[in-house]
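This report refers to the structure that appears directly beneath it.
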Amino acid sequence: MPDSPRPRVAALALAVGLVLADSSIVVLALPEIYRELDTSISGVTWVLISFNLVIALAAVPAALVARKFGPARTAAVGLAVFAGAGLACGLADELSTLIAARCVQALGGAAAVTAALELLPATVGSERRAATVWAAAGATGAALGPAVGGLLTELVSWQSIFLIQVPVALIAAVPILAVAKHEAATGIIEAEVRQTGRPHLWANLALAMVSAAIAAALFLLVLLLIEGWRLSPIEAALVVSVMPLAAILGSRMTERVADERSRAAAGAILVSGGLAGLAFLPKATILLTLPPQILVGIGLSLVLSALTETALGGRAPQAIHGGWTISSRHAGVVIGLLALTPIFTADIDQQRHDAINAGTAVILDSPINPLLKLDLAEKVSAQLETEKGKVPTIEPAFEPKPSDPGERAEVEQLQGELQDQLDRGATHAFSTSFILAALLGLIALFPIGLSRRVDL
Amino acid sequence: MSREGRLSGGVLVVASIVVSLVLVGAYLAAGGSSYEPKKTQDPCNPRPWSNPQSLGQIANQFTISALDGAACQLGVSRETLARALATPEGRERFKQRYGIDDEKLARAIRAGLVRAVDDAEEAGALPSLIAGPLRQTVKSIPLDQAIEFINDAESFLSNAESFLGPAQDIIEQLLP
């Protein structure tokens, strides 16, 4: 057995953070993938859904494999598979190849994450501490994922998101390999031997519901920023990085409130409050997204850690129960995306249509020359045709501007009014989905109320 | 962690509820529930003219009335029709999308032009002496010319020779 536990703890936390970041890291790259691979919004969401679905299905079987063949070996093999599939994702030039590679990546990820939880108690010295490290690494990864993905998409490419994971996964695998060699040499599997309790139904159910709401918050906000308000991925990444920063603040509160049910309830309420705030944005301004994001960020850190601790508390083997929490969280993400994608894609189409009509009405009702207004109406219509699925940019329709100063001022005012209609349409398109996600968070209060921690 | 530094679970839950309600309340008070695109008007509803003073203003409102009238006949919005009539390609796309042939489109646009003449007369922008023959003329105007009339009402109204023939002199005297 290698001596110093620190590199192993760091490696295990890195592995957990990396895999769980992957469930959200592509969120900001989806618009880019959507255009580059020439697919639909519903099609591209499967890059996200497939990964989460496979993790949800594979987490518990992977935990069983880890217990049978040794957690270190399972984690090392899992990370190797994760890295190899990540390489395939980065090289994919078709949506189907990308989705297939994401499924394999999720299999490796599920093995690494659940095996890590089996290894952590022996490495950090206690089950409770292991659960805390594991939950914190997962929450940090999930919260940081979108911002990191956005930066990479803008600075390099969407492919780089996957390619950069290859060396990171291999670095995490090195200290774990040493334990795996020890396992192989001695035949000793450093796993918990006692088996205690069934999976915590209510805590896991609440985890699924809250995860659905949080996934929706991230995914919808990113789409609103990039597709609706036309921010670049790097700008959107900066905006949504408020959520992980707020999550850090929330984790400090975690230490100050011992009662897990209260933390979970408060977290779910804050997530729902933040989502409702995003549903009722009074203007298309980045600044107004910050208070709701702060609420979601603090809320997610409170509720995810509290529910994970409740689900794992006093239960063994940790890998199996950790597998259930991972499965619940990712199933929640899948349900959230599957339920909300058709709603918001229909809403986006409808609002885009309404915004274009409202903009045309503004042009028609303006006092400018009728010939000029019909020409503008036509240009806006042509612009709409060229921008597949996006809220169109209207600047090209207003170029060149009239040379007459009076007419120019009228046209510029018109451009502002038209932009306002488009902003209204883009923002309103997400309202119903945000409200539904907020309701999911509130419904989670019922299983949270029933999720008493039972040390078995 | 000292006991003094600890928060009660109840306080945390109540604080979460208050903060959430304050945020949502503030956003609703600032107009968050009505931040959506302006609703477009039903083209079949009358749209009153606003006392036009010049030929340009008359032409502007004439165009709007004609679009309303035609859109009402076709069961589409005035805005959709305006975008469709701006180019021949737009017109073809529109016809295909809504299953409309040239005959139906021509009938609707003529009806729109009649409504525009009626509205102009009612608003006092067009004397009855001109409105009568103009109304008769637009009822049989060919499709392309009817669309051109909507797109460039000012030229048509200021140079009515092409379709009113002998009435042109009267128009030139009576129009602002």
Side-chain angles (χ1 to χ4, degrees), chain A residues 253 255-259 261-263 265-270 272-274 276-277 279-284 288 291-292 295 298-299 302 351 354-365 367-371 373-375 377-382 384-385 421-425 427-428 431, chain B residues 1 5-41 47 56-57 59-64 67-68 77-87 89-90 93-94 150-155:
Chain A
M253 277 186 214
E255 293 160 11
R256 295 184 61 190
V257 181
D259 177 26
R261 263 201 305 181
S262 300
R263 268 194 284 143
I269 291 165
L270 286 174
S272 294
F280 296 118
L281 287 172
K283 208 168 186 328
L288 288 172
L295 261 59
I298 294 174
L302 287 174
Q351 289 299 320
D354 289 353
I356 294 296
N357 266 352
T360 309
V362 168
I363 293 172
L364 291 177
D365 292 334
I368 62 169
N369 180 302
L371 271 180
K373 71 169 66 169
L374 289 169
D375 180 50
E378 191 277 326
K379 282 181 175 171
V380 169
S381 180
L384 180 64
E385 294 297 321
Q421 293 302 322
L422 293 176
D423 286 346
R424 283 167 179 267
T427 309
H428 191 63
S431 291
Chain B
M1 172 77 51
R6 286 193 173 274
L7 265 176
S8 122
V11 170
L12 185 66
V13 172
V14 171
S16 309
I17 294 170
V18 171
V19 170
S20 299
L21 288 178
V22 166
L23 175 82
V24 176
Y27 279 20
L28 285 174
S33 61
S34 57
Y35 190 65
E36 55 186 308
K38 198 168 91 175
K39 296 272 179 268
T40 52
Q41 191 180 309
R47 198 185 300 261
Q57 289 172 354
N60 210 340
Q61 300 209 23
F62 191 92
T63 301
I64 301 296
L67 284 172
D68 269 332
S77 73
R78 174 191 68 160
E79 290 69 26
T80 304
L81 184 62
R83 291 195 302 270
L85 297 185
T87 61
E89 300 78 38
R93 273 200 304 271
F94 173 77
I150 290 181
N151 284 348
D152 192 7
E154 188 169 349
S155 297

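The figures that follow rest on heavy atoms only: side chains count, while hydrogens, waters and symmetry mates do not.
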With a 4.5 angstrom heavy-atom cut-off, which part of B/Ile64 approaches chain A: side chain, backbone, both or neither? side chain

In Å, rounded to the nearest 0.5 Å, how long is the span from CG of A/Asp259 to CG of B/Leu12? 9.5 Å

Structural part of B/Leu23 lying under 4.5 Å from a heavy atom of chain A: side chain

Between A/Lys283 and B/Tyr35, which heavy-atom pair has the shortest distance, and what is it? CA-CZ, 3.6 Å

Please walk me through it: do B/Arg78 and A/Asp365 pass side-chain contact (heavy atoms from CB on, under 4.5 Å)? CA-CA 11 Å; B/Arg78 174 191 68 160; A/Asp365 292 334; 3.0 Å; yes

Can you tell which of A/Pro282, A/Ala276, A/Gly273 has the highest number of heavy-atom pairs within less than 4.5 Å of chain B? A/Pro282

Residue among A/Ala279, A/Gly267, A/Pro291 with most heavy-atom pairs under 4.5 Å to chain B: A/Pro291

At a heavy-atom distance under 4.5 Å, which candidate from A/Thr360, A/Ile298, A/Ile363 has the highest pair count against chain B? A/Thr360

Side chain from CB out, backbone as N, CA, C, O: work out which of these in A/Ala268 comes under 4.5 Å of a heavy atom of chain B, or both, or neither. neither

With rounding to the nearest 0.5 Å, note down the distance linking CG in A/Leu364 to OG1 in B/Thr40. 10.5 Å

Part of B/Leu85 within contact of chain A (heavy atom distance under 4.5 Å): neither

Where does A/Leu288 contact chain B at under 4.5 Å (heavy atoms): side chain, backbone, both or neither? both

For the pair A/Phe280 and B/Val24, evaluate side-chain contact (heavy atoms from CB on, under 4.5 Å) and give the outcome as yes or no after the intermediate values. CA-CA 7 Å; A/Phe280 296 118; B/Val24 176; 4.1 Å; yes

Could you pull out the closest heavy-atom pair between B/Val13 and A/Ala265, with the gap in Å? CG2-CB, 4.2 Å

Region of A/Leu295 that comes under 4.5 Å of a non-hydrogen atom in chain B: side chain

Which atom pair, heavy atoms only, marks the closest approach of B/Lys38 to A/Gln421? N-OE1, 2.7 Å

Which atom of A/Pro292 lies closest to which atom of B/Tyr27, heavy atoms considered: CD-OH, 3.5 Å

Considering all heavy atoms of both residues, which atom of A/Ser262 and which atom of B/Gly10 are nearest to each other, and what is their separation? OG-N, 4.3 Å

Toward chain A, the part of B/Thr80 with a non-hydrogen atom under 4.5 Å: both

Pairwise side-chain contact, B/Glu79 with A/Val362, heavy-atom cut-off 4.5 Å (strictly under): no

Just verifying a value: how many Å separate A/Arg424 CZ and B/Ser34 OG, rounded to the nearest 0.5 Å? 7.0 Å

If we define contacts as heavy-atom pairs under 4.5 Å, which of B/Gly32, B/Pro37, B/Ser20 has the most with chain A? B/Pro37

